[in-house]
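Contents: one structure, followed by commentary.
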Amino acid sequence: MNNSQAEENAYDVSAIQDKWLPVWDELRPFDSAKAGDTRPKKYVLDMFPYPSGDLHMGHAEAYALGDVIARYWVQRGFNVMHPIGWDSFGLPAENAAIKRGLDPKGWTYDNIAQQKSSMRRYACSFDWDRVLITSDPLYYRWNQWLFLEFYNKGLAYRKNSLVNWCPSCQTVLANEQVVQGLCERCDSVVTKKALTQWFFKVTEYADRLLDDLDTLEGSWPSKVLSMQRNWIGRSYGADVQFVIEGRDEPVTVYTTRPDTLHGATFMVVAVDSALASELAAEASPEVQAEFANYLDIVKQSNDIERLATDREKTGVPLGRFAINPVNGERIPIWAADYVLADYGHGAIMAVPAHDQRDHDFATTFDLPIRQVLKDPNSSEETVLPFVGEGVMINSGELDGMAKSEAIAKIIDDLTAKGTGKSAKNFRLRDWLISRQRYWGTPIPIIHCDDCGEVPVPADQLPVQLPSAEGLDLSPKGTSPLGGASDWVNVSCPKCGKAALRDTDTMDTFVDSSWYFLRFLSPKSTEFAFDPQAAKDWAPVDQYVGGVTHAILHLLYARFFTKVLHDLGHVDFEEPFTRLLNQGMVLMNGSAMSKSRGNLVRLSDQLDEHGVDAVRLTMAFAGPPEDDIDWADVSPAGSAKFLARAWRLANDVASDTAVDVTKGDKAVRKATHTFLKEFGSNIESFKFNVGVAKIMELVNVLRKAIDTGVGAADPAVREGAQEVAKALSLFAPYTAEDMWSLLGHSAGVALAEFAAVDESLLVESSITAIVQVDGKLRDKFDVAVDISAEELQALAMASAAVLKAIGEREVANVIVRAPKLVNIATK
RNA sequence: GCCCCCAUAUCCCAAUGGCAGAGGAAGACGACUUAAAAUCGUUUCAGUGUCGGUUCGAGUCCGACUGGGGGCACCA
């Protein structure tokens, strides 16, 4: 193209990008803290990124979709807070630093700068005055403050227990970070190690975390709700006490099936529990030796082996006996690894006739099996184990009862005798938060020989991370901070004697559990977050992020919010009112990730198609929660459409001052039909449908210009303006340039949509359809206010309809005036 | 093993229980062009995974099945 006229009329992606970025930097359309802003407030939040490199296709999708929502509400007249930050502590920075011999800090902040610059180019509608970086002392100081708030409430505590240990990362892991027995980060087989570690008492909030999910029904994806429910895993049953021969204290077991108590023929305790060791210690030397040997074998196995479903049951008898409280029967006690030490009481009553695992165990070791339920629907002998609903047998006065009746009765009896009570248990465990690594928030506790655990006084916060210089960061099972002797050795805040800092750092999920509150006042040195700002803005109205965080992050953030509520810091109990989970971006069916290689590079896509086309493609590909296979979509097609839309603005031949209400009615109707539907499409996350509606309107306007009312008709200007505004959600550069071509000053992102003129949408006639037995037989135009009788008469007069009815007798006529008549025949 | 979600044209996807097609991609044809690209226009393409049920009427609701995806899983 060498003709200057043609150049002026060409849609030039990179020129448009270069033109508008600096203008926006000046205009700052997304500042949310302007003095005197009276617009209603809305808080839209995208999950903040981990700065592991430049932005990738996954970020591009997430931020494109978050932007659609944030920009939409701005153009609906809201003051939208849409902040961004970086979740910048964590192992990848540390591992990269070790590999390259760099400070994790340098690597992290370089990546942040890179991502920030890419976000600017990507035209994210972030409020750049509200940035936070979790590895800044300004931020993590408040992690420490929160830790101490939790500590003072008894919600942060240290205990020695068997914990998940990743031998490769050389650190402990939370339960949530162990996936199928593997480390979620490096896929190493996780082992168990007895260590003294810090925990947050999530279990104290288990009931509320579960019950309050009901309040999110309809506002969060049902998938996330069910994943959280599964994870918390509440079950109801009973605690039952068994007297142990030769032991003063009885042993309590938890069961969900107290109705089967008469069928308990042995007891099993977790081999790695303190109870098992204690019981074995009083047994014969042979038993002790056998037990010790078995415990050794179990300790050497890992979860992968332990969880293998087809594995044969193992265990050893402890030579001890328990007394069944309902029938006085003497039953043997075994130790086995299929019973978990940290669930319930680490001991079970085994009912082999009605539990698959107990049945397997009894079969393996030839233990007695007693049936106490029979299948009421089968006259034949019940196949054991029978776990369905049945009728009680062999159970004394319970005989003949149904399950629920028997459960109620036995709990009453046990309670009366003081040998049991109803109980519930959770799958959820307390959250292990200490990590033996460098790049994280130091735990603000000092250990003193005399005073024990001493919290760092509030006025001494933050406990700053010492410089990585001179520290050996390589994983060795204890925190690298232990090597910073100047840092570790302090005097006790209580007694002044020599004491040591806690050298562990916090799980980075602590950082992300409350960051949405920090955005309210990200620079405050006075508060973690400004309480007044929390009243004004929080909770988050719309949260956007990947389903990968369905359990971990979202559960922890909910927990934090509830604790903060109970501590009086916030007046709400759920952090995220609405949640949108976007899918993943795939290439030919494969996930793109750092470990598997980024099959498609975002920067290449942006260079090739432009920012707008990539963003539009993300929104148009399909429902946001579905995965996008990049091989199935067409960013080139998006670019083509954007050029087509842009040319409309270029073609409009009327003035900004023109009275659009004088425009062509049919074109105006198309525009206002669009306006009516577009908003609800966006609000219900049907972005793909919203884009299709824009395309439809563009097609109408194209036709109007080329072969219809012409480029000068005011209705064409009106339509083109609304196209520019709507396109601003998806393709901000193109939209801004269109807005400029249409004669407006910069800032289409702040231009509110026109109000729908309902009078344009009123139809005078409509196409009525006539079905015979549900099949379409005729259609004709009728007045919208036609009566049912008239419409039926018209339908019955139709030759096509009469032919379809033929000789049959009409049984029923359904009339839904003015749209439909259905004639049912016999 | 238990629980949840999904299945529409060659592909990606639309369709308050009421005409299966909004939109896009790919394909074909035409206009413009010396030609191509770009652009504009026209156009082809399925009865909705299978079986059964509810209904005047089912892609949509219910049940079973098949296929795909996801969650939980030795949690007593």
Side-chain angles (χ1 to χ4, degrees), chain A residues 1 6 10-11 180 221-231 233-235 237 253-258 260 264 268 270 303 306-309 311 313 336-340 342-351 354-358 360-361 387 425-429 547 550-551 583 616-617 620-623 625-629 631-638 640-641 643-644 647 677 681 686 688-699 702-703 705-707 767-779 810-816 819-825:
Chain A
M1 228 174 271
Y11 171 72
Q180 306 283 306
S222 51
K223 182 180 174 179
V224 175
L225 296 177
S226 90
M227 283 169 73
Q228 292 222 354
R229 289 190 178 109
N230 273 336
W231 185 261
R234 180 167 56 197
S235 73
V253 302
Y254 172 72
T255 177
T256 53
R257 295 296 305 277
T260 63
V268 186
D303 276 3
R306 212 177 62 81
L307 296 176
T309 44
R311 198 173 64 112
K313 291 276 181 290
D337 66 352
Y338 83 93
V339 173
L340 306 175
D342 60 351
Y343 183 78
H345 304 281
I348 62 153
M349 64 177 213
V351 184
H354 305 289
D355 181 279
Q356 182 66 54
R357 297 151 302 182
D358 297 344
D360 293 346
F361 194 82
V387 296
N425 261 298
F426 296 92
R427 221 191 65 91
L428 182 73
R429 307 293 201 275
V547 75
I551 297 174
L616 184 72
T617 303
F620 185 53
E625 55 277 7
D626 289 4
D627 290 345
I628 299 172
D629 195 323
D632 289 338
V633 296
S634 171
S638 299
K640 197 168 112 181
F641 163 70
R644 184 172 158 89
R647 279 194 305 274
E677 294 170 346
N681 289 150
K686 294 176 169 180
N688 54 328
V689 181
V691 172
K693 296 269 161 66
I694 305 178
M695 291 172 168
E696 211 177 339
L697 180 56
V698 166
N699 291 342
R702 182 76 263 155
K703 201 166 270 180
I705 292 172
D706 290 349
T707 58
T767 303
I769 60 167
V770 185
Q771 300 171 329
V772 176
D773 293 326
K775 290 193 181 64
L776 178 69
R777 294 303 180 190
D778 200 4
K779 54 170 102 176
V810 173
N812 193 8
V813 180
I814 311 293
V815 184
R816 294 278 179 275
K819 288 173 71 177
L820 170 134
V821 178
N822 188 18
I823 299 157
T825 64

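Chain letters run A, B, ... following the sequence lines, proteins first, then strands; residues in each count from 1.
The separation between D626(A) atom CG and C11(B) atom C1' is 15 Å, rounded to whole Å. To the nearest angstrom, C1' of A25(B) lies 15 Å from CD1 of I628(A). Remark: P of G17(B) and CG of L820(A) are 15 Å apart, rounded to the nearest angstrom. Taking atom NZ of K775(A) as the reference point, atom C1' of A58(B) lies 13 Å away to the nearest angstrom. Atom CG in D629(A) sits roughly 14 Å away from atom C1' in G69(B) (whole-Å rounding). G70(B) atom P lies 22 Å from atom CZ of R229(A), rounded to whole Å. Spacing between atom CZ of R777(A) and atom P of C56(B) amounts to 19 Å, rounded to whole angstrom units. Spacing between atom CD1 of I814(A) and atom C1' of A58(B) amounts to 15 Å, rounded to whole angstrom units.
Consecutive Watson-Crick or G-U pairs involving RNA chain B, each under 3.5 Å on both distances, make up stems of three or more pairs at B:1-7 with B:66-72, B:10-12 with B:23-25, B:27-31 with B:39-43, B:49-53 with B:61-65.
Comparing G23(B), C56(B), A76(B) against the side chain of S235(A) picks out A76(B) as the nearest. Nearest nucleotide to the N230(A) side chain, out of G71(B), C56(B), G23(B): G71(B). Picking from A14(B), C11(B), A76(B) the nucleotide with the shortest atom distance to the side chain of V689(A) gives A14(B). Side-chain proximity of T767(A) to C19(B), G24(B), A22(B): nearest is C19(B).
Between A7(B) and G41(B), the distance separating the two C1' atoms is 36 Å to the nearest Å. Spacing of C1' atoms, C51(B) relative to G67(B), comes out at 15 Å, to the nearest Å. Annotation: C62(B) and C6(B) have their P atoms spaced 10 Å apart (nearest Å). The same atom, C1', is picked in G27(B) and in U44(B); the two are 8 Å apart, to the nearest Å. For the P atom pair drawn from A37(B) and A31(B), the interatomic distance equals 14 Å after rounding to whole Å. When the C1' atom is used for both G63(B) and A58(B), the distance is 15 Å, rounded to whole Å. The same atom, P, is picked in C32(B) and in A15(B); the two are 40 Å apart, to the nearest Å. Distance noted for atom P between G71(B) and A9(B): 27 Å (whole Å).
Counting non-hydrogen atoms under 4.0 angstrom, I823(A) reaches nothing in the nucleic acid. Among the atoms of the strands shown, base atoms are found under 4.0 Å from some heavy atom of N822(A). Residue A692(A) is in base contact, counting any heavy-atom pair closer than 4.0 Å across all strands shown.
Using modelled atom types, one finds no donor on one side chain facing an acceptor on the other under 3.5 Å when comparing N425(A) with S235(A). N822(A) and R816(A) share no donor-acceptor pair across their side chains, judged by distance under 3.5 Å alone.
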If you restrict it to nitrogen or oxygen atoms, what contacts under 3.5 Å exist between nucleotides 4-6 of chain B and the protein, and what is each distance?
none

Between the protein and nucleotides 40-42 of chain B, list every N/O to N/O distance that falls short of 3.5 Å.
{"residue": "C40(B)", "atom": "OP1", "partner": "R644(A)", "partner atom": "NH1", "Å": "2.7"}
{"residue": "C40(B)", "atom": "OP1", "partner": "R647(A)", "partner atom": "NH2", "Å": "2.8"}
{"residue": "G41(B)", "atom": "OP2", "partner": "R644(A)", "partner atom": "NH1", "Å": "3.3"}

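For the atom pair CG (L225(A)) and CD (Q228(A)), the distance works out to 7.5 Å, reported to the nearest 0.5 Å. For the atom pair OG1 of T767(A) and NZ of K819(A), the computed distance is 10.5 Å after rounding to the nearest 0.5 Å.
No donor-acceptor pair under 3.5 Å is formed between the side chain of N681(A) and the backbone N or O of K686(A). In this structure, the side chain of D773(A) engages the main chain of T825(A) through a donor-acceptor pair within 3.5 Å.
Contact of the V253(A) side chain with the H345(A) side chain is not registered, since no non-hydrogen atoms from C-beta on lie closer than 4.5 Å. By the 4.5 Å heavy-atom criterion applied to side chains, R429(A) and Y343(A) are counted as neighbours. By the 4.5 Å heavy-atom criterion applied to side chains, D355(A) and R257(A) are not counted as neighbours. A heavy-atom distance below 4.5 Å is not found between the side chains of S634(A) and T617(A). Put simply, the side chain of F641(A) reaches to within 4.5 Å of the side chain of I694(A), judged on heavy atoms. Side-chain contact between T260(A) and M349(A) is present, with at least one heavy-atom pair separated by less than 4.5 Å. Side-chain atoms of L820(A) and Q771(A), non-hydrogen and from C-beta on, do get closer than 4.5 Å to each other. Using a 4.5 Å heavy-atom threshold, the side chains of R644(A) and M695(A) count as separate.
A donor-acceptor contact under 3.5 Å is formed by the side chain of K313(A) with the base of C74(B). Not a single donor-acceptor contact under 3.5 angstrom links the side-chain atoms of N812(A) to the base of C56(B). A donor-acceptor contact under 3.5 Å is formed by the side chain of Q771(A) with the base of G18(B).
Annotated as syn: G47(B), whose glycosidic dihedral is within 90° of 0.
A sub-4.0 Å separation between OP1 or OP2 of G24(B) and a side-chain N or O of N688(A) is absent. For A76(B), one of the phosphate oxygens OP1 or OP2 lies less than 4.0 angstrom from a side-chain nitrogen or oxygen of Y343(A).
Both G233(A) and G622(A) lie near RNA chain B, and the one whose nearest nucleotide falls closer to the 5' end is G622(A).
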